[in-house]
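Keep in mind it's a predicted model, so treat the numbers as computed, not measured. First the proteins, then the strands, lettered A, B, ... as listed; each starts at 1. The analysis underlying the following values was restricted to heavy atoms, covering all of them including side chains, and did not include hydrogens, waters or symmetry mates.
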Number of protein chains: 2
Amino acid sequence: MLPNISQTEENYLKAIFNICEKEEKSAGTNDISNEMQTSAASVTDMLKRLSEKKLINYAKYKGVTLTKKGSEVATQLIRKHRLWETFLVEKLQFSWDKVHDIAEQLEHIKAPELVEKLDDFLGNPKFDPHGDPIPDADGKFTYRKQIQLSDAKVGEWGVVVGVQEDSEKFLQYLDKQGLVLGTRIEIIEKFSYDDSIQILLNGEKELVLSDKVSRNLFIQRKNN
Amino acid sequence: MLPNISQTEENYLKAIFNICEKEEKSAGTNDISNEMQTSAASVTDMLKRLSEKKLINYAKYKGVTLTKKGSEVATQLIRKHRLWETFLVEKLQFSWDKVHDIAEQLEHIKAPELVEKLDDFLGNPKFDPHGDPIPDADGKFTYRKQIQLSDAKVGEWGVVVGVQEDSEKFLQYLDKQGLVLGTRIEIIEKFSYDDSIQILLNGEKELVLSDKVSRNLFIQRKNN
DNA sequence: ATAAATTTTTAGACTAATCTAAAAATAATA
DNA sequence: TATTATTTTTAGATTAGTCTAAAAATTTAT
Ligand SMILES: [Mn+2]
Ligand SMILES: [Mn+2]
Ligand SMILES: [Mn+2]
Ligand SMILES: [Mn+2]
């Protein structure tokens, strides 16, 4: 069925998936070269190969999109990545800011039975340590209604359910401020001067978050 | 300190380690080509590269041995391989005949902290599911006095502690016969005709094992 | 000690993945 | 629409890892 797919090819597929996901568009050569940190020329080479393998839809000078096959591969990679991150945090006691790079390696292990056993061992989690949904064996993502904290209005409150970024720096900042998943947040005030936002943390501590932070935090709005 | 070592280079180092270990000699080009399933020409190429990186002692037409550095790398790989095999069996409920190939992939994950956390999570095991010793973080192997079942004498008894081979076929055969690690074995009779051996299993069941099987089984001799 | 057999290395070529520099196509602007 | 700027592709090289066929070195046997 599927041709053999190298680790490098897998990474390109994931990059294309992310770009198409985030920007809701087809991925351009430069977008990919940017995401992969390789030259545009290398990307063009790779696009030809992926196209040959029917993993992407490619026509010169037009952007690319994933085929059904390509999309399945990318989704399985994301599934593995997030399951391993969950394992590292839940079972091996890693902190959430240290697991991404290790999962980048683990996601390439090819052993379908391993993935399913790992999933069971972890209790079939629906979200990873950063609040990102873990697709199931069929590639289905659990959908959750969430907004960026920056879009919440004064007086509203909600619970932190995810982060947009998983850089070590950002996650460590959140740890320091006690902004872990599950934290209750109430919006006290918003300052249009610099788009910073003042919040109340678990009804206890008030603090001000920068625009950048509040755009990278997902909350689930609670009414009343 | 260490140069970057590719997955392929790691596999060569492990192959050389195994050959030198088993045969107690330096490894020849053909030995390695045999173990790695690559041509002798490819091996020569690789030996030059490994030598350049000071991982092996190499002189044209002489065999090769691992340097201190090379030996350390190989030992860490074996440590990772056996820890992962233990994880797969103990935590994910894989049977012992299915874990080797997956561990061949997992052993290449580069994340020192992961290895130590995995070790702790597993309770710092000293032996893997096949009875092979797991080197500690410093590369020390636990030594255990063991003999091949084929070397035991009539009337002696012992306990199965390991296997020489981890092929799926052999391990499945052992499962079928109830010859798992920890089984008590008493030698009833030895047939010089074909070097087969008749044993009593856990004081319950008698059976005859071929020469090939008895040479691939390690027991710890018990006196009394 | 020669000759024959075996082992090992060299020569030359191929593929995947990468690069830089230059050319071509497309998009934006005047 | 013509010019300019940006994006993308091509051309030509490089490196790691592999191969086959042939040459060279070493070992074994006569
Ligand atoms: Mn991640
Ligand atoms: Mn994540
Ligand atoms: Mn193994
Ligand atoms: Mn083992």
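- Between the CE atom of Met46(B) and the P atom of dC19(D) there is a distance of 11 Å, rounded to whole Å.
- Between Thr29(A) and dT7(D) there is no side-chain polar atom (N or O) within less than 4.0 angstrom of OP1 or OP2.
- Remark: Glu168(B) engages Lys98(B) in a salt bridge (charged side-chain N to carboxylate O under 4.0 Å, His left out) (not counting sequence neighbours).
- Among residues two or more places apart in sequence or in another chain, the ring-ring contact (aromatic ring centres under 6.0 Å, His included) test is passed with His100(B) by His81(B).
- Using a 4.0 Å heavy-atom criterion, one finds that Thr38(A) contacts the sugar-phosphate atoms exclusively.
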Table of protein N/O atoms under 3.5 Å from nucleotides 25-28 of chain D N/O atoms:
| from | atom 1 | to | atom 2 | distance (Å) |
| --- | --- | --- | --- | --- |
| dA25(D) | O4' | Tyr61(B) | OH | 3.3 |

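- Counting 5' to 3', DNA chain C first comes under 4.0 angstrom of a heavy atom of chain A and last does so at the ends given by dA16(C) to dT26(C).
- Side chains of Ile16(A) and Leu55(A) form no contact here, defined as non-hydrogen atoms less than 4.5 Å apart.
- Applying the salt bridge (charged side-chain N to carboxylate O under 4.0 Å, His left out) rule to Glu9(B) yields the partners Lys53(B); only residues at least two apart in sequence or on another chain are considered.
- For Tyr12(B), the ring-ring contact (aromatic ring centres under 6.0 Å, His included) test picks out no residue, with sequence neighbours left out.
- Side-chain contact of Trp96(A) with Asp166(A): a donor-acceptor pair under 3.5 Å is absent, judged by distance alone.
- Within the 4.5 Å cutoff, the side chain of Met36(A) has heavy atoms near those of the Asn11(A) side chain.
- In this structure, the CG atom of Asp45(A) is 13 Å from the C1' atom of dT14(D), given to the nearest Å.
- For the ring-ring contact (aromatic ring centres under 6.0 Å, His included) condition, no pair includes a residue of residues 127-151 of chain B, sequence neighbours left out.
- Nearer the 5' end of DNA chain C, as judged by each residue's closest nucleotide, is the contact made by Leu47(B), out of Ala40(A) and Leu47(B).
- Residues satisfying the side chain to side chain donor-acceptor pair (under 3.5 Å) criterion with Lys212(B), sequence neighbours excluded, are absent altogether.
- A cation-pi arrangement is found for Lys91(B) relative to Phe121(B), the charged atom lying closer than 6.0 Å to the ring centre and inside a 45° cone about the ring normal.
- Taking the six-membered ring where the residue is Trp, Tyr173(A) and Phe170(A) present parallel rings, their angle staying beneath 30° rather than reaching 60°.
- For Glu21(A), there are no salt bridge (charged side-chain N to carboxylate O under 4.0 Å, His left out) partners at least two apart in sequence or on another chain.
- Within residues 5-19 of chain B, no residue has any heavy atom under 4.0 Å from DNA chain C.
- Contacts between residues 49-57 of chain A and DNA chain D, defined by a heavy-atom separation below 4.0 Å, involve no residue at all.
- As a whole-Å value, the separation of Gln37(B) CD from dG17(D) P is 18 Å.
- Contacts of Glu90(A) classified as salt bridge (charged side-chain N to carboxylate O under 4.0 Å, His left out), with partners at least two apart in sequence or in another chain: none.
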